[in-house]
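Take a look at the structure below.
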Amino acid sequence: GMAKFVNHGAAWSGYSEEEYLSRPALEFIHPDDRDIVTKRYLQKIHGDRAPTRHAYRAMHKSGQIRWIEAGSVRIEWEGRPATLNLIKDITDLKQAEAVMAARMRLMAYAETHSLAELLQATVDEVETLMTRQMTRKGLPLEIIGAGVQMWLEYRICVGRRPLVIR
């Protein structure tokens with residue numbers, strides 16, 4: 001369906017109000033989340049009157065993936081069932097959750113592994129995150145490898161003090 005109204009809360013999308021209203025709503029949803037968003041929408045339209053709140057990925061105009069939380073209720077609009085959706089950008093929250101989860105995994109790992117194994121796991125985690133971000137941006141493998149190497153050299157040679165484990 002198409003959005004009928006939008007407020008400044010759609011700033012998460014990077015689109016102007018006119019651009020936002022001129023495109024089907026599913027165009028803003030990450031392709032991997034479109035089926036579940038469609039399913040939830042159809043449940044609402046076909047009688048589910050309970051308020052719901054769901055998080056899913058959306059696409060910013062720049063191509064960046066944003067996390068949004070949508071609260072929706074079923075309403076009648078011009079004699080037909082519709083949904084009223086309140087959308088909130090929760091990207092920062094999702095990123096903080098991912099960082100916390102990574103820290104918790106490393107802390108649990110540190111309790112049962114040697115210092116060398118812990119450091120390798122830490123480097124592996126950073127390499128994985130950097131590689132994922134660079135791959136999303138479409139960078140070639142040589143650039144990704146160079147980026148990881150630069151990070152390691154910075155961290156070890158001129159960066160912050162080495163990690164101290166007690």
Side-chain angles (χ1 to χ4, degrees), residues 1-46 48-106 122-152 154-155 159-160:
M2 301 286 284
K4 301 295 181 187
F5 299 101
V6 64
N7 64 17
H8 66 277
W12 64 264
S13 71
Y15 291 92
S16 68
E17 182 178 336
E18 294 76 26
E19 290 173 311
Y20 196 91
L21 292 173
S22 70
R23 296 171 182 259
L26 275 181
E27 275 189 29
F28 301 106
I29 308 304
H30 187 281
D32 294 343
D33 292 348
R34 288 178 183 166
D35 287 344
I36 190 66
V37 169
T38 299
K39 179 182 174 185
R40 290 175 179 152
Y41 170 76
L42 291 174
Q43 287 171 337
K44 281 283 176 221
I45 293 298
H46 290 26
D48 180 0
R49 293 193 177 274
T52 55
R53 185 169 303 282
H54 302 285
Y56 54 88
R57 293 165 294 177
M59 303 303 298
H60 189 273
K61 186 176 183 176
S62 68
Q64 180 186 33
I65 296 171
R66 306 295 299 172
W67 276 95
I68 59 175
E69 181 181 75
S72 66
V73 294
R74 185 176 187 270
I75 63 169
E76 295 292 321
W77 179 258
E78 296 179 347
R80 297 175 47 190
T83 60
L84 174 64
N85 303 288
L86 301 173
I87 297 174
K88 177 180 178 182
D89 186 338
I90 59 168
T91 303
D92 291 342
L93 174 64
K94 286 291 192 176
Q95 289 172 343
E97 288 174 350
V99 167
M100 183 59 73
R103 286 183 180 164
M104 297 300 286
R105 284 192 308 273
L106 285 174
T122 302
V123 169
D124 289 347
E125 185 81 24
V126 169
E127 288 176 6
T128 298
L129 292 171
M130 287 177 65
T131 302
R132 186 177 303 140
Q133 289 298 325
M134 290 186 215
T135 301
R136 284 185 185 146
K137 296 196 179 290
L139 297 173
L141 192 54
E142 312 82 59
I143 301 294
I144 293 171
V148 171
Q149 182 177 351
M150 283 174 41
W151 175 83
L152 289 172
Y154 170 78
R155 181 72 181 165
R160 301 173 190 253

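- In this structure, OH in Tyr15 is found 8.5 Å from CE in Met59, a value given to the nearest 0.5 Å.
- Remark: Arg103 pairs with Val99 by the side chain to side chain contact (heavy atoms under 4.5 Å, CB included) rule, at least two apart or across chains.
- In this structure Asp35 satisfies the side chain to side chain donor-acceptor pair (under 3.5 Å) test with no other residue, sequence neighbours excluded.
- Applying the side chain to side chain contact (heavy atoms under 4.5 Å, CB included) criterion to Asp32, with sequence neighbours excluded, gives His30, Arg57.
- For Ile45, the side chain to side chain contact (heavy atoms under 4.5 Å, CB included) partners at least two apart in sequence or on another chain are Tyr41, Pro81, Thr83.
- In terms of the salt bridge (charged side-chain N to carboxylate O under 4.0 Å, His left out) criterion, Lys88 has no residue partners (sequence neighbours excluded).
- The side chain to side chain contact (heavy atoms under 4.5 Å, CB included) check on Ala55 picks up Trp67, Ile90, Lys94, with sequence neighbours excluded.
- Under the salt bridge (charged side-chain N to carboxylate O under 4.0 Å, His left out) criterion, Arg105 pairs with Glu125, not counting sequence neighbours.
- Among residues two or more places apart in sequence or in another chain, the salt bridge (charged side-chain N to carboxylate O under 4.0 Å, His left out) test is passed with Arg66 by Asp89.
- From Thr91, atom OG1 reaches atom CD of Gln64 across 7.0 Å, with rounding to the nearest 0.5 Å.
- In this view, Glu69 and Arg53 satisfy the side chain to side chain donor-acceptor pair (under 3.5 Å) rule, not counting sequence neighbours.
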Stepwise side chain to side chain contact (heavy atoms under 4.5 Å, CB included) test for Arg34 and Val37
CA-CA 5 Å; Arg34 288 178 183 166; Val37 169; 5.8 Å; no
### Query
Taking it one step at a time, do Gln133 and Leu129 satisfy side chain to side chain contact (heavy atoms under 4.5 Å, CB included)?
CA-CA 6 Å; Gln133 289 298 325; Leu129 292 171; 5.7 Å; no
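- If you take CZ on Arg80 and CD1 on Ile75, they are separated by 12.0 Å, rounding to the nearest 0.5 Å.
- The distance from the CG atom of Leu26 to the CG atom of Asp33 is 11.0 Å, given to the nearest 0.5 Å.
- For Glu27, the side chain to side chain donor-acceptor pair (under 3.5 Å) criterion is met by Arg23, not counting sequence neighbours.
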#### Entry: Stepwise side chain to side chain contact (heavy atoms under 4.5 Å, CB included) test for Glu97 and Met100
CA-CA 5 Å; Glu97 288 174 350; Met100 183 59 73; 5.7 Å; no
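- To the nearest 0.5 angstrom, Arg74 atom CZ is 9.5 Å from His46 atom NE2.
- When the ring-ring contact (aromatic ring centres under 6.0 Å, His included) test is applied to Tyr56, no partner is found at least two apart in sequence or on another chain.
- By the side chain to side chain donor-acceptor pair (under 3.5 Å) test, Glu78 pairs with no residue at all, sequence neighbours left out.
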